[in-house]
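Model, not experiment: these values are computed from the prediction.
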Amino acid sequence: MQYLFEPDIYTDRRRVLQASMQGNVLLFPGNKNSPINYAANYYRFRQDSNFLYYAGLDLPGLNLVIDADKGTTILYGDDATMEDVVWTGPQPTLKELAASVGIADVRPASRLFEDYADCSMHTLPPYRAEHYAVLQRLATHADCSVAPSEQLILAVVSQREIKGPEEVAQMEEALEITAQMHTKVMRTAKSGMRESVLAGVATGIARANEGEPAYGIILSRDGHILHNHHYHNVLQKGDLVLGDFGAENRMRYAADITRTFPVDKRFSPEQADIYNIVLEAEMKGINAVRPGQMFRDVHLLASQIIADGLIAMGLMRGNPEDAVASGAHALFFPHGLGHMIGLDVHDMEGLGEDHVGYGTECTRSDQFGLAYLRMAKSLRPGHVVTVEPGIYFIPALIDQWQRQGLHQAFIAYDKLTAFRNFGGVRIEDNVLVTAEGQRVLGPRIPKTVAEVESLRAKA
């Protein structure tokens, strides 16, 4: 079953793109089924996000051409065969599906290479074998010049980065599912349980709501491993569990939420101290989100709050502004504050992170930590960003910095031995930039110490 916006939504999106790409022919290759271990056993199909944005159809084997010179749109693909119907049931015709997204011109897949046998086409950066295959066939057999186009990239980024109300509603739906995932995980966890059980709980809720995890679930007692996709550990008393996961709903819009909670019913005093520093950085970071605000400055604000809190605990020293300017805080907070989110969890990352998160108004820093900031540019109404500060104790990184004598004026290395097995804390929400300021999307998911401990008491 296809879940779609009204046809006018897609028609308007294509019209806007045509206006910004006048005189050009635009190709959006769709995705195909990808085999796991033999030809008939597929991974879960996921359509290309740019194809979804302009054509909506979540089906394999399609290609979209928007001719901004003639003002036309053509969908290339083939109807289901009787063999397909035997295995998968009756299917709507491609013409019927195309009409549901406002496309009238439907042609067989092979016609693409005949219709554009001698032309120049703009496309986006390919990332799958089937994309490269289409481009190569057009270039070698149809003598068509087709290549990734910076002009098209910039036009698509400019359009997709501003979320319409219909998109925000879909993200809210994804967050409703995600809230169920997180609260169930927090209620279920207990000492002696494998992380894999909790990952299964989260996955099951997403699928029960006709969704999927939007990305590889991060759910581990080893919260200091930033993208930890292993679930083999057994939870022990005294552990913290970091859960970074979100649902992709039926319309493929993503949520991305992180919560950290204790295996015990309550945080230890040290855990609560670290947790509250991160929570303050997150909440003040969210409050700083507003139109015209450079997101890089929101990141630096959160970084300074983290440095200030760690200085108060005796784990850092000196002036927090100087510590952040030097990059010393990145021993504990080595990643960026957040990124755009929408149809992709790192929205439009395939178009180039610098195009999406930096544009022409700022350049990426080469400082450790700050260099990983995915989003830096000025915020605009309609942007949806994650705000996700964290504090981590990464033994290998601590050892390297201490061995190299880095930032000794700001880091109390002698105090870090007691925290080598601490793990990490991250707290994350998804934030819509509004004309007045900001709004945290989705239902409230417990995140104060009191809220988390109240939920853990029910485990």
Which residue pairs pass the ring-ring contact (aromatic ring centres under 6.0 Å, His included) test with at least one member in residues 161-199, sequence neighbours excluded? His182-Phe245
Check: [Y] main-chain N/O paired with [X] side-chain donor or acceptor under 3.5 Å:
| X | Y | value |
| --- | --- | --- |
| Arg259 | Glu428 | yes |
| Asp239 | Gln236 | yes |
| Glu353 | Arg374 | no |
| Asn287 | Lys284 | no |
| Asp222 | Ile225 | no |
| Arg187 | Ala459 | no |
| Asp48 | Asn50 | yes |
| Gln91 | Gly89 | yes |
| Lys377 | Val356 | yes |

What residues, two or more places apart in sequence or in another chain, satisfy ring pair (Phe, Tyr, Trp, His ring centres under 6.0 Å) together with His224? none
Taking the six-membered ring for Trp and the full ring for Phe, Tyr or His, determine whether the centres of [X] and [Y] are under 6.0 Å apart.
| X | Y | value |
| --- | --- | --- |
| Tyr54 | Phe28 | yes |
| Phe267 | Tyr275 | yes |
| His299 | Phe295 | no |
| His346 | Tyr215 | no |

With the side chain counted from C-beta on, respond yes when Val385 and His339 share a heavy-atom pair under 4.5 Å apart, and no when they do not.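 Side-chain contact under 4.5 Å: no.
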Indicate yes or no: at least one non-hydrogen side-chain atom of Arg221 is less than 4.5 angstrom from one of Leu240. no
Aromatic plane relationship, Phe393 with Phe332 - under 30° parallel, 30 to 60° tilted, over 60° perpendicular: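 Perpendicular.
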Going by an N to O cut-off under 4.0 Å, is there a salt bridge joining Asp344 and Arg160? yes
Ion pair check, Glu114 and Arg107, cut-off under 4.0 Å: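 Looking at Arg107 together with Glu114, the answer is no, because their closest N to O distance does not fall below 4.0 Å.
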Is the count of non-hydrogen atoms from other residues, nucleotides or ligands lying under 6.0 Å from Lys265 atom NZ greater than 12?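 Enclosed.
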Please identify which of these residues, Thr72, Leu75, Leu112, Leu26, meets the side chain to side chain contact (heavy atoms under 4.5 Å, CB included) condition with Val65.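 Among the candidates, only Leu112 passes.
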Positive for side chain to side chain contact (heavy atoms under 4.5 Å, CB included) with Asp429, one of Met283, Lys447, Glu388: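 The single option meeting the side chain to side chain contact (heavy atoms under 4.5 Å, CB included) with Asp429 is Lys447.
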Are Arg456 and Phe261 in a cation-pi setup, meaning NZ or CZ lies under 6.0 angstrom from the ring centre and within 45 degrees of the ring axis?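 Arg456 over Phe261 ring: no.
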If you draw the axis of the six-membered ring of Tyr53, does the NZ or CZ of Arg13 fall within 45° of it and under 6.0 Å from the ring centre?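 Positive - Arg13 is close enough to the ring of Tyr53 and near enough to its axis.
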Applying side-chain hydrogen bond (donor to acceptor under 3.5 Å, both in side chains), can you list everything that pairs with [X], at least two apart in sequence or on another chain?
| X | value |
| --- | --- |
| Arg15 | Asp12 |
| His122 | Asn24, Ser149 |
| Arg46 | Ser49, Glu248 |
| Lys32 | none |

